[in-house]
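Lettering follows sequence order; numbering is per chain, from 1. Not measured: the values here are computed from a predicted model.
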Amino acid sequence: MRIFLEQMINGLTIGSFYALIALGYSMVYGVMKLINFAHGDLFALGSYLGFTLLVWGNAYVTTNFGLAGGMIAAMLIAAIGIGMAGILVERIAYRPIYPAGRLPAVVSALGVSIFLENMIMVIWGPRYQAYPVNVVPTVRFEIGGIHITLLQIIILILSFILLAFLYYIIQKTTFGAAIRASALDRDTAALMGININTVIFFIFALGPALGGTAGVMVGMYYRQISFTMGWNYGLKAFTATILGGIGNIPGAMVGGLLLGIFEMLGSAYISTAYKDVFVFLILILVLIFRPRGLLGEKIAEKV
Amino acid sequence: MKSIKYLLIISLLVFALGVTYSGVMAAEKPPVVIGLQGPITGAWAYEGQMAKQSCEIAAQLINEKGGILGGRMIELRVADDACEPKAGALAAMKLISQKDVVASVSTYGSSVCEPASNLYEKFKKVNIAYGATAVRLTERGLKYFFRTCGIDSAQGIFFADYVPRVFGAKRIAIMHDNTTFAKGVAEETKKSLQPKVDAGEVEIVYYDAITPGEKDFSVPLTKVRETNPDVLYFTGYYPEAALIVSQARDIGIDCPFVGGNAAINDEFVKIAGIEKAKGCFMTQEPMPAELPYPESKIFLEAYKAKYGEIPSSPWPVYAADALNIIAYAIDKTGSTDSDILAEYLRNEVDGVPGITGSIGFTEKGDREGVPYLMYVVNEEGGFDIYEE
């Protein structure tokens, strides 16, 4: 039981990384019907941006605003920076070729992914980089035999705040309704007076911004980042998106968290070496029985 | 146009040949050419560069004493294999096809050494590896292949003797990453611990593999923690080793951590952070600075005089020893014939003083008795020999 609870906490921690990244895929897919393959690399870029901020700016910020200030500043700046990068990617790589159809846009997305990965390698070098140690003090709690670190608690709280915030925007505000309307039917939404360009601008800023924040969190959690990390996390988050139902915002959150938990429990009780097999097996099962994902809505077939 | 291009190329070639030829003619006695195949470029370039510098120093020291075979100088010819198997085969062919290359120091990586040594074997040229430690390399029954470095399994044997004796460890956890190298060390460790296990002195409480490239080891480490080990031995590479140490400490594993010779280096200290890295152990060949032999003192002084600092990894000095032993064999046999040299190296060379200790080869071509040491990461992130 102790091990089970501990693995649940670990699973929730990485699950919240997946959920934050998955949101970017899901939002873009919902409105644009495009799988933004560059999203994983935007996440990696966020991780590196946070790394540079913490290495170069940490001394100044922490002396003036404390440790928490340094961390939050790094996340905020990374989020803003990656949000802008997301908008830039949309402007340069997707918008000009979007009229040509969905397939060229996907190829373009892959191109951006390769470009970003190599850009990171050129700027920060091909070696592993390590996040500074002092960002969050290494404090370890033991509650009823369960080990949990302060950093884990911070990450869990922060990502749940972010997820709740996004959920609120999408489900409760007028603008969120506009996004959901555009996801349902772009053309009709446009006819109803929704400015599609504003919606696209918004999702390409918000999705990568969340991804960038997740990048900083991953960097602080594992402390080791490499320029190829975007691919791995991107693939897992994409899986989470499919699992929850692509295009569905709460689905992406649920899918991400579930994926993290499955992964941890799978490796704890079945085999560490086969943990990815276990994850994808679940994905296949879900797709067989619920092809639109766990929370994906059934759509009426067009006649 | 095309014919003009060819004409140009041919004339250039003729010119180049002419220059080389006149160069050879100018020397009174032709030099003895020894090849060096190593990763001069690529990811392991610093290893190849230091090996080249080490061989240059070794050749320089021999030449200063008047060379070999009554006054013939040693000349080093370098071929770059970039630590890639394909490039390694090309580099080997480059050295083989030059008839004046007597023998070759080749090479650093095991996976590169394997195809390259097959080629050397086919064309009958003595080749001595300086960093290729995979056990299987000498299991192929090659006639012309030797190595001055140790083999992977030797590290496991060292661990099995040292850790129960010095640390008093009874419950031992062993972790590898399924790569040929790490698995080889782990298996040899297990095998060498077996007599002690049978006698009931120690217990292997955990033996499993993790996936290389993985970042989250909380699950395997939780399992390790449940076995309550006295020592955790990880035989894989530093990116995983650093994360393992750091995550192990987070979930409450406080036993000593021992890494194999690929697990602990400066990058390890950087990633794990000095707080968690200090006090970690490593089983390794002696670093150049710790070599106690008179030959090593002379060599390292000459190296430092020319390049400012001594080699920062254990391997380059093995390259120098490989060159030395080739020169020694040529000098003693008075021959540059591959068969005579291979025969002499295998059967006659024994206890020849070298930079890394006395040199001798087993029937398979392995180096006899390479010493290992236990290192510990100190407060500054440097590496000290652990005092028993």
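We find the CD-CG distance between Glu214(B) and Asp276(A) to be 7.0 Å, quoted to the nearest 0.5 Å. Note that NZ of Lys215(B) is 8.0 Å distant from CG of Asn232(A), once rounded to the nearest 0.5 Å.
For Glu6(A) against Thr222(B), the heavy-atom pair with the smallest separation is OE2-CG2, 4.1 Å.
At a 4.5 Å heavy-atom cutoff, the contact between Ser218(B) and chain A is made by backbone and side-chain atoms alike. Both the backbone and the side chain of Ile271(B) come within contact range of chain A, each with at least one heavy atom under 4.5 Å from a heavy atom of that chain. For chain B, the nearby parts of Ser267(A) are the backbone and the side chain; heavy atoms of each come within less than 4.5 Å. Proximity to chain B is limited to the side chain of Ile14(A), based on heavy atoms less than 4.5 angstrom apart. Interface remark: Glu275(B) contributes no atoms to any contact with chain A (heavy atom separation under 4.5 Å). With a 4.5 angstrom heavy-atom cutoff, Gln7(A) touches chain B only via side-chain atoms. Interface remark: Arg225(B) contributes side-chain atoms only to the contact with chain A (heavy atom separation under 4.5 Å). For a residue to count as touching a neighbouring chain, one of its non-hydrogen atoms must lie under 4.5 Å from one of that chain's; by this rule Asn178(B) does not touch chain A.
Residue-environment remark: CZ (Phe115(A)) stays at or below the threshold of 12 foreign heavy atoms within 6.0 Å. Within 6.0 Å of NZ on Lys190(B) lie no more than 12 heavy atoms contributed by other residues, nucleotides or ligands. The local environment of CD in Glu142(A) is crowded, with over 12 non-hydrogen atoms from other residues, nucleotides or ligands closer than 6.0 Å. Heavy-atom neighbours of Lys170(B) NZ from other residues, nucleotides or ligands within 6.0 Å: at or below the threshold of 12. A 6.0 Å sphere centred on CH2 of Trp124(A) holds more than 12 heavy atoms belonging to other residues, nucleotides or ligands. Within 6.0 Å of atom CZ in Phe4(A), 12 or fewer heavy atoms from other residues, nucleotides or ligands are found, so the atom counts as exposed in its surroundings.
Between the side chain of Gln224(A) and the backbone N or O of Pro239(B) there is at least one donor-acceptor pair closer than 3.5 Å. With Arg223(A) contributing its side chain and Ala242(B) its backbone, the two residues share no donor-acceptor pair below 3.5 Å.
Side-chain contact between Val219(B) and Met264(A): present, with at least one pair of heavy atoms (C-beta onward) separated by less than 4.5 Å. Annotation: side chain of Asp216(B) is in contact with side chain of Tyr221(A) (closest heavy-atom distance under 4.5 Å). Contact check for Lys270(B) versus Tyr128(A): no side-chain heavy atoms found under the 4.5 Å cut-off.
Between chain A and the options Ile210(B), Thr211(B), Ile251(B), heavy-atom pairs under 4.5 Å are most frequent for Ile251(B).
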inquiry  = Please evaluate residues His147(A) and Asp250(B) with respect to the criterion side-chain contact (heavy atoms from CB on, under 4.5 Å), reporting the C-alpha separation (whole Å), side-chain torsions for both, the decisive distance (0.1 Å), and the verdict.
reply    = CA-CA 8 Å; His147(A) 293 264; Asp250(B) 279 345; over 6 Å; no
